[in-house]
There are 2 protein chains.
Amino acid sequence: MARKLGSRSEKTRPLVRAAALRLFARDGYAAVPMRQIAADVGVQAGALYRYTPDKQSLLFELMHVHMEELLAAWREVMPDGSPLDRLDAFVRFHIHHHMDRAEVVFISYMELRNLTPENFMVIEGMRAEYEKVLEDILAECGVDTDDKLTTLAVLAMLTGVNTWYREGGLLGRTAIAERYVGMVRCLVKA
Amino acid sequence: MARKLGSRSEKTRPLVRAAALRLFARDGYAAVPMRQIAADVGVQAGALYRYTPDKQSLLFELMHVHMEELLAAWREVMPDGSPLDRLDAFVRFHIHHHMDRAEVVFISYMELRNLTPENFMVIEGMRAEYEKVLEDILAECGVDTDDKLTTLAVLAMLTGVNTWYREGGLLGRTAIAERYVGMVRCLVKA
DNA sequence: GTCTATAGACAGATAGAC
DNA sequence: GTCTATCTGTCTATAGAC
């Protein structure tokens with residue numbers, strides 16, 4: 001099979017994204033120079049601008065793709081059962097998805113303020129859409145969602161797993177998810 | 001009454017701290033130039049170095065004072081009652097303290113990675129000490145604290161209030177605290 | 001598509017006048 | 001104690017050779 005022209009460029013592009021992801025997560029967007037991303041990829045800084053118009057777009061693209069994948073993945077696994085079943089499913093989905101993508105999740109919470117106002121509005125809209133998924137499920141479960149306190153408390157608790165979960169820890173992935181399922185069920189009953 | 005010599009310097013110092021607090025919270029440590037802090041205070045950039053050896057010390061001092069005050073304030077109000085009473089008291093204390101100091105709390109979570117390794121270890125130690133306060137109370141309430149999941153889940157839920165609470169919102173401070181008290185009680189029973 | 005070289009802006013921190 | 005002026009280094013992004 002003949003290679004397409006320009007296929008070489010499509011080898012570097014994902015490396016740039018991966019390096020930006022890793023370094024932004026580790027050191028923070030503002031603290032990572034383009035030169036360091038380039039060094040991580042194994043090219044000179046100027047070459048990066050073949051793949052991104054600027055540093056800001058690199059950040060925005062990582063967060064935008066993440067939010068699109070998050071919303072799409074939920075639509076994919078979203079079950080039809082009872083409200084409580086759907087709540088359990090949401091908790092398991094959220095925990096597993098966030099454990100699998102620790103770096104981009106971390107960036108998406110930490111680097112919001114380094115987005116331009118236009119880019120921020122896009123991401124904020126998608127974040128609100130995801131929050132609405134949980135809010136609707138909670139409402140169907142009989143929770144009062146006039147104020148967002150319960151929704152935000154549950155979301156904060158679930159997302160907190162991102163700050164401490166590391167692969168190979170004391171608890172397995174499924175065990176962790178089931179513990180959170182139990183805690184959220186308990187909050188809903190109260 | 002005669003003014004003490006040097007009393008004028010002690011007027012600018014708190015202004016520098018206040019400006020750094022406000023700007024670090026709004027734009028992030030890395031994005032705030034010393035010149036902007038100076039402009040906020042109403043002096044030239046060079047004058048700031050009468051009050052701090054460098055920018056890093058400005059950040060560290062804000063976080064360090066915050067953690068000292070947090071630990072001291074808890075020791076002050078810590079009650080003697082039953083474990084469940086002490087848990088309620090901790091929840092109320094945490095929520096109110098975090099609502100009253102939104103900016104420095106936000107900085108303390110967001111800017112950890114902009115501390116030098118030495119400074120990070122100091123703050124991290126104090127953060128662990130605070131976490132231990134909650135862990136001990138939960139253990140006395142009969143919660144299994146062999147793994148830290150419950151402790152961290154409760155702390156994440158409580159601290160989440162910082163991301164959405166604004167003065168003059170739908171719910172009053174006390175009402176919010178009592179809702180969290182109810183949710184935490186429920187998690188402990190399960 | 002990657003390189004070298006550099007433009008142009010701006011950072012943290014210091015020196016010395018007043 | 002604050003000023004002006006500046007040193008020294010680093011940043012993003014671009015230009016043009018190969």
Side-chain angles (χ1 to χ4, degrees), chain A residues 2-24 26-63 107 111 113-119, chain B residues 2-24 26-63 107 111 113-119:
Chain A
R3 274 226 184 132
K4 278 194 305 189
L5 261 153
S7 67
R8 181 151 163 56
S9 86
E10 297 318 308
K11 205 170 79 176
T12 301
R13 187 181 298 275
L15 294 180
V16 173
R17 295 173 48 87
L21 175 64
R22 194 178 72 84
L23 294 170
F24 288 169
R26 198 189 63 184
D27 301 331
Y29 174 76
V32 177
M34 292 297 268
R35 283 173 175 83
Q36 195 182 352
I37 298 174
D40 206 74
V41 172
V43 295
Q44 292 299 314
L48 295 179
Y49 293 86
R50 289 267 139 195
Y51 306 99
T52 181
D54 49 36
K55 192 185 174 188
Q56 167 71 203
S57 303
L58 216 44
L59 175 63
F60 175 66
E61 205 195 339
L62 287 172
M63 293 175 65
I107 288 174
E111 306 296 353
R113 63 172 148 195
N114 286 312
L115 292 172
T116 61
E118 298 77 23
N119 288 342
Chain B
R3 273 224 184 129
K4 273 195 308 188
L5 262 154
S7 68
R8 183 152 164 52
S9 84
E10 296 318 306
K11 203 170 79 177
T12 300
R13 187 180 299 275
L15 294 181
V16 173
R17 296 174 47 88
L21 174 64
R22 193 178 73 85
L23 294 170
F24 288 168
R26 198 189 64 184
D27 301 331
Y29 173 77
V32 177
M34 290 296 270
R35 283 173 174 80
Q36 195 182 350
I37 299 174
D40 206 74
V41 172
V43 296
Q44 291 300 314
L48 294 179
Y49 293 87
R50 287 266 140 196
Y51 306 99
T52 181
D54 49 37
K55 194 185 173 190
Q56 167 72 202
S57 303
L58 217 42
L59 175 64
F60 175 66
E61 204 195 338
L62 287 172
M63 295 176 64
I107 288 175
E111 305 296 354
R113 61 173 148 196
N114 286 311
L115 292 171
T116 60
E118 298 77 23
N119 287 343

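We use all heavy atoms of the structure for the numbers below, so side chains are in, but hydrogens, waters and symmetry mates are not. Order of the sequence lines sets the chain letters (A, B, ...), proteins ahead of strands, with each chain counted from 1. These figures come from a predicted structure and were not determined experimentally.
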> Starting at CG of Leu48(A) and ending at P of dA15(D), how long is that distance when rounded to a whole Å?
Replying inline: 17 Å
Would you tabulate the pairs of protein nitrogen or oxygen atoms and nucleotide nitrogen or oxygen atoms of nucleotides 9-13 of chain C closer than 3.5 angstrom?
{"residue": "dG12(C)", "atom": "OP1", "partner": "Lys55(B)", "partner atom": "NZ", "Å": "3.0"}
{"residue": "dG12(C)", "atom": "OP2", "partner": "Met34(B)", "partner atom": "N", "Å": "2.8"}
{"residue": "dG12(C)", "atom": "N7", "partner": "Arg35(B)", "partner atom": "NH1", "Å": "3.1"}
{"residue": "dG12(C)", "atom": "O6", "partner": "Arg35(B)", "partner atom": "NH2", "Å": "3.2"}
{"residue": "dA13(C)", "atom": "OP2", "partner": "Tyr49(B)", "partner atom": "OH", "Å": "3.0"}
{"residue": "dA13(C)", "atom": "OP2", "partner": "Lys55(B)", "partner atom": "N", "Å": "3.0"}

> For Thr52(A) and Leu58(A), which heavy atoms make the closest approach, and how far apart are they?
Replying inline: OG1-N, 3.7 Å
> Closer than 4.0 Å, any side-chain N/O of Thr12(B) to the OP1 or OP2 of dT2(D)?
Replying inline: yes
> What is the distance from CD of Gln36(A) to C1' of dT12(D), rounded to the nearest Å?
Replying inline: 15 Å
>> Using the side chain to side chain contact (heavy atoms under 4.5 Å, CB included) criterion, which residues pair with Ala38(A)? Sequence neighbours excluded.
In response: Val43(A), Ala45(A), Leu48(A)
> Which atoms form the tightest heavy-atom contact between Ile107(B) and Leu59(B), and what is the distance?
Replying inline: CG2-CD1, 3.8 Å
>> In this structure, how many angstroms lie between the P atom of dC11(D) and the CD1 atom of Ile37(A), rounded?
In response: 11 Å
>> How many whole angstroms separate atom CZ of Arg50(B) from atom C1' of dT14(C)?
In response: 12 Å
>> I need the CZ-P distance between Arg13(A) and dG1(C), as an integer number of Å.
In response: 9 Å
> Of all residues at least two apart in sequence or in a different chain, which pass the side-chain hydrogen bond (donor to acceptor under 3.5 Å, both in side chains) check with Gln56(A)?
Replying inline: Asn119(A)
>> Over the length of the helix from dG1(C)-dC18(D) to dC18(C)-dG1(D), how much do the five-pair end axes diverge, rounded to 10 degrees?
In response: 0°
>> I'd like to check the side chain to side chain contact (heavy atoms under 4.5 Å, CB included) partners of Glu61(A); sequence neighbours left out, ordered by chain and number.
In response: Arg17(A), Val65(A)
> Which residue pairs pass the salt bridge (charged side-chain N to carboxylate O under 4.0 Å, His left out) test when at least one of the two sits in residues 26-50 of chain A, sequence neighbours left out?
Replying inline: Arg22(A)-Asp40(A)
> Can you name the closest pair of heavy atoms from Tyr29(A) and Lys55(A) and give their distance?
Replying inline: O-NZ, 2.9 Å
> Charged N to carboxylate O under 4.0 angstrom, Arg113(A) versus Glu111(B)?
Replying inline: yes
>> Please determine whether a side-chain nitrogen or oxygen atom of Gln44(A) lies at a distance below 4.0 Å from atom OP1 or OP2 of dT2(C).
In response: no
